[in-house]
Undergrad: 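My questions all concern the structure below.
All residue numbers in this chain count up from 1 along the given sequence.
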Amino acid sequence: MRHIIIGGVAGGATAAARIRRIDEFAEIILFEKGKYISYANCGLPYYIGGVIEHRDNLFLQTPDSFGQRFHIDVRVENTVTVINTTEKTVTVRRTDGSEYTETYDKLLLSPGASPIIPPLEGIDSEGIFTLRDVADTDRIKNWINTRAVRKAVVVGGGFIGLEMAENMHHAGAEVSIVEMANQVMAPMDFSMAAHVQLHLLQKGVKLYLKQTVERFEQHGSVINVCLKSGQIIPADIVILSIGIRPETSLAKAAGITIGETGGIWVNEYLETSAKDVYAVGDAIEFPHPITGKPWLNYLANPANRQGRLVADNMVKGNTVKYEGAIGTAIAKVFDMAVASTGLPAKRLKQLDIPYQSSYTHSVSHAGYYPGSMPLSIKLTFDPETGKLYGAQCVGYEGVDKRIDQIALLIKSGGSVFDLIRLEHAYAPPFSSAKDPIAIAGYVAGNIVNRHMPVVHWREIQSSNPDEITILDVRTREETAGGQIIKGSLNIPLDELRDRLNEIPASKPVYIYCGVGLRGYLASRILIQRGFTRVKNLSGGYKTYSIATTFMTDPLFSHPF
Ligand code: FAD
């Protein structure tokens with residue numbers, strides 16, 4: 001059996017090694033157009049920033065070591081240019097331009113994705129880079145090492161854009177981020193992305209939200225990034241990180257079906273529309289386990305898993321089904337960890353899926369043990385059954401384990417009530433007896449059970465203050481530091497039972513406190529004492545104040 005694999009990094013190298021493990025005698029040829037295989041593309045930003053000091057550390061295998069260990073014919077700097085699915089051949093081009101053909105029994109496409117480069121005036125100016133592979137990395141690193149890079153502009157505030165912002169800052173540059181949307185981190189909801197934005201501002205990064213680049217102008221060694229708003233940001237380096245698209249040109253030319261989102265269509269065995277041709281990784285689309293709709297998921301974990309699974313199907317025939325990925329991702333943004341899984345509220349809204357959400361603000365481990373750090377969770381779930389749809393988590397410690405546990409529950413069809421049932425290891429340095437996940441589950445469960453009706457920050461923002469009573473149950477000292485509506489009714493929780501007569505019974509009462517807990521207690525008091533239209537602000541003043549910081553002025557170029 002002869003297996004040919006196109007693409008030698010995440011999906012391709014994984015599949016090649018697995019094929020060998022299950023078939024010692026198969027012939028395996030791995031084509032990679034670059035010089036390197038199986039390298040740590042997720043580590044590239046950290047090498048550029050100097051956090052990873054040694055370039056060698058990026059390479060998990062060399063073509064020789066990989067080829068030798070797994071007895072694989074690794075051909076780097078060999079680009080597959082044509083696939084013929086009738087003849088079962090591929091045409092390959094060497095760097096000297098010469099071409100040759102190889103036949104296959106089974107073919108795997110793992111060609112990844114390519115960066116989107118918009119056709120803007122000045123886009124070819126020296127000093128503008130995209131980051132996808134080792135060659136890009138070397139170009140950027142060389143640029144930084146051979147001149148004074150004082151100002152860096154990152155265009156695009158996605159996960160990789162933000163990692164690059166941090167690393168350019170680490171390398172000594174003053175960093176600006178230009179983002180077309182009204183928030184960074186597109187897979188997160190506005191209110192959760194706002195935490196990240198505040199952190200970026202605190203670190204001295206300038207944020208240009210809702211701003212579009214119109215053109216670049218080269219003035220000597222300086223590139224002027226000219227925005228449609230008329231603003232000009234001078235830069236010594238520009239990193240373009242506005243997105244990627246699946247690499248489908250080979251497949252398309254071979255007549256292999258491309259799906260509705262632009263990725264290579266595959267069935268549940270990861271086989272394409274052409275028999276014996278399989279595809280994995282960034283290049284494919286696959287139905288989302290919750291929505292059933294195809295989507296593109298550019299992440300390393302699915303690419304690696306698919307690579308392993310597809311190898312079994314290539315060797316043994318179609319035996320193992322892929323269940324799809326819900327998009328579980330995490331990024332380090334300076335001191336903060338930012339993670340998401342499943343569907344955020346904005347996506348549920350787009351899809352017309354009824355949902356409810358909850359915000360909780362906890363700490364990473366027992367508050368009395370030194371070093372505990374804030375940790376915020378937003379859940380999205382079915383309002384009737386509590387079935388979990390998604391979660392977003394921001395904090396400084398323990399964000400990864402929380403998001404991973406929730407992701408596992410979502411993938412197994414779990415609900416907010418399962419969050420309460422999760423058993424977790426606890427000692428004060430690691431968690432609390434009631435873990436932040438359990439707290440999130442209790443709060444969301446109270447919402448589903450109608451035990452605690454909630455109102456969200458956007459509803460408060462858009463409501464008419466004359467038609468509601470906004471009740472602040474924090475202490476007078478806290479209130480002095482800022483209120484949702486200045487001068488709104490303040491009755492500290494511990495005085496509430498004695499001052500019920502101050503609350504008009506004729507209007508809905510929206511209660512808030514610092515993070516939502518005292519508001520919940522207050523809502524229980526009011527509901528049980530006859531107030532019928534009571535809601536607690538989910539996430540309290542913390543969620544409200546952070547989210548609304550970015551509602552009014554989208555241009556955050558000022559130092560924080
Ligand atoms: P790739 O790993 O990109 O491999 C595709 C390979 O195919 C490339 O080497 C390419 O040269 C080769 N190729 C393409 N066409 C041909 C051809 N015609 N002939 C021969 N070879 C060809 N994901 C995470 O989950 N977490 C992270 O922290 C993270 N960080 C990232 C940071 C950066 C800078 C980048 C670029 C990506 C990051 N990712 C991260 C995404 C992750 O790396 C990808 O999702 C994953 O590598 C996809 O695997 P793949 O096999 O589909 O493609």
Side-chain angles (χ1 to χ4, degrees), residues 3-16 29-42 44 74-85 90-95 99 102 104 106-119 129-137 139 156 158-160 240-267 270-274 277-286 294-307 310 314 322 325 327:
H3 299 278
I4 285 193
I5 297 169
I6 304 173
V9 190
T14 303
I29 308 177
L30 178 68
F31 291 113
E32 167 54 52
K33 71 176 175 191
K35 279 187 188 167
Y36 308 95
I37 62 154
S38 194
Y39 62 84
N41 32 15
C42 307
L44 300 178
V74 180
R75 302 189 196 170
V76 291
E77 297 188 291
N78 276 246
T79 306
V80 176
T81 54
V82 178
I83 301 169
N84 184 328
T85 56
V90 294
T91 306
V92 187
R93 192 173 51 224
R94 300 185 186 91
T95 44
E99 290 196 333
E102 295 285 4
Y104 65 81
K106 305 276 177 178
L107 175 67
L108 174 63
L109 305 178
S110 188
S114 16
I116 296 171
I117 302 177
F129 300 93
T130 55
L131 174 62
R132 190 69 209 158
D133 52 25
V134 177
D136 295 336
T137 305
R139 277 190 284 272
F159 278 61
I160 296 177
L240 267 188
S241 190
I242 61 170
I244 53 177
R245 60 169 66 94
E247 185 49 76
T248 55
S249 48
L250 266 181
K252 220 182 268 178
I256 291 169
T257 303
I258 304 300
E260 60 189 81
T261 63
I264 300 172
W265 178 91
V266 289
N267 65 17
L270 302 174
E271 190 172 20
T272 69
S273 61
V277 180
Y278 294 78
V280 294
D282 288 356
I284 67 164
E285 63 171 42
F286 198 85
W295 75 301
L296 301 158
N297 183 207
Y298 306 119
L299 291 170
N301 167 282
N304 279 278
R305 256 208 67 223
Q306 292 159 13
V310 82
M314 290 170 73
Y322 180 56

Undergrad: Which heavy atom in G263 sits nearest to a heavy atom in P246, and how many Å separate them?
TA: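 Answer, listing the atom of G263 first, then P246: CA-CG, 3.9 Å.
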Undergrad: For a 4.5 angstrom cut-off between non-hydrogen side-chain atoms, does N297 reach F286?
TA: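 They are not in side-chain contact.
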Undergrad: Counting N and O atoms only, with roles assigned by atom type, does the side chain of D136 sit under 3.5 Å from a partner on the main chain of D133, one being a donor and the other an acceptor?
TA: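 Side chain of D136 to backbone of D133: a pair is present.
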Undergrad: Taking the side chain as everything from C-beta on, heavy atoms only, tell me whether F31 gets closer than 4.5 Å to T79.
TA: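 They are not in contact (no side-chain heavy atoms under 4.5 Å apart), so the answer is no.
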Undergrad: Which distance, rounded to the nearest 0.5 Å, do you find between the CD1 of I244 and the OG1 of T130?
TA: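 Reported to 0.5 Å precision, the distance equals 11.0 Å.
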Undergrad: Just jot down the side chain to side chain donor-acceptor pair (under 3.5 Å) partners of N78, sequence neighbours excluded, or say none.
TA: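 Here the qualifying residues are Y100.
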Undergrad: Closest approach of L296 and I284, non-hydrogen atoms and distance?
TA: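 Closest heavy-atom pair between L296 and I284: CD2-O, 3.6 Å.
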Undergrad: Counting N and O atoms only, with roles assigned by atom type, does the side chain of R93 sit under 3.5 Å from a partner on the main chain of K33, one being a donor and the other an acceptor?
TA: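 Not a single qualifying donor-acceptor pair exists.
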Undergrad: Would you call I83 and L109 a side-chain contact if the rule is heavy atoms closer than 4.5 Å?
TA: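 Heavy-atom side-chain distance check passes, below 4.5 Å.
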Undergrad: Would you mind listing every side chain to side chain donor-acceptor pair (under 3.5 Å) that reaches into residues 244-262, with sequence neighbours excluded?
TA: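 Sorted result for residues 244-262: S114-E247, E247-S249, T257-S273, T261-E285.
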Undergrad: Determine the minimum heavy-atom distance between E271 and W265, stating which atoms define it.
TA: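 That would be O-CZ3, 4.0 Å.
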Undergrad: Any idea which heavy atoms bring A251 and I258 closest together, and the distance?
TA: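 Closest approach of A251 to I258, heavy atoms only: CB-CD1, 4.3 Å.
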Undergrad: In Å and rounded to the nearest 0.5 Å, what is the CG to CG distance from N84 to L107?
TA: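 Result: 11.0 Å between the selected atoms.
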Undergrad: Pair I29, R75 - check side-chain contact (heavy atoms from CB on, under 4.5 Å), show working.
TA: CA-CA 7 Å; I29 308 177; R75 302 189 196 170; 3.7 Å; yes
Undergrad: Is there a side-chain contact between E32 and V76 in this structure, where contact means two heavy atoms from C-beta onward sitting under 4.5 Å apart?
TA: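 E32 reaches V76 side chain to side chain.
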Undergrad: Using side-chain heavy atoms (C-beta onward) and a distance below 4.5 Å, is E102 in contact with I4?
TA: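 A side-chain contact exists here, since the closest heavy-atom pair is under 4.5 Å.
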Undergrad: Testing the basics here: between I242 and P118, what is the closest heavy-atom pair and its distance to 0.1 Å?
TA: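 The answer is CD1-CD, 3.5 Å.
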Undergrad: Side chains of V134 and K35: closer than 4.5 Å at any heavy-atom pair?
TA: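 Sidechains of K35 and V134: no contact.
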Undergrad: Can you tell me how far CG of L270 sits from CD1 of I264, rounded to the nearest 0.5 angstrom?
TA: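 It is 11.5 Å, given to the nearest 0.5 Å.
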Undergrad: Please find the pair of heavy atoms, one from L299 and one from D282, that lie closest to each other, and give the distance.
TA: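 Smallest interatomic distance, heavy atoms only, reads N-OD1, 3.7 Å.
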Undergrad: Flag the pair T14 / Q306 as yes when at least one side-chain heavy-atom distance between them is below 4.5 Å, and no otherwise.
TA: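 Side-chain contact under 4.5 Å: no.
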Undergrad: How long is the gap from CD1 on I6 to OH on Y278, to the nearest 0.5 Å?
TA: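 Result: 15.0 Å between the selected atoms.
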Undergrad: List for me each residue that meets side chain to side chain donor-acceptor pair (under 3.5 Å) alongside T81, sequence neighbours excluded, and say none if there are none.
TA: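 With neighbours one apart ignored, the set is empty.
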Undergrad: Measuring only between side-chain heavy atoms, which start at C-beta, is Y322 closer than 4.5 Å to P302?
TA: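 Yes, their side chains come closer than 4.5 Å.
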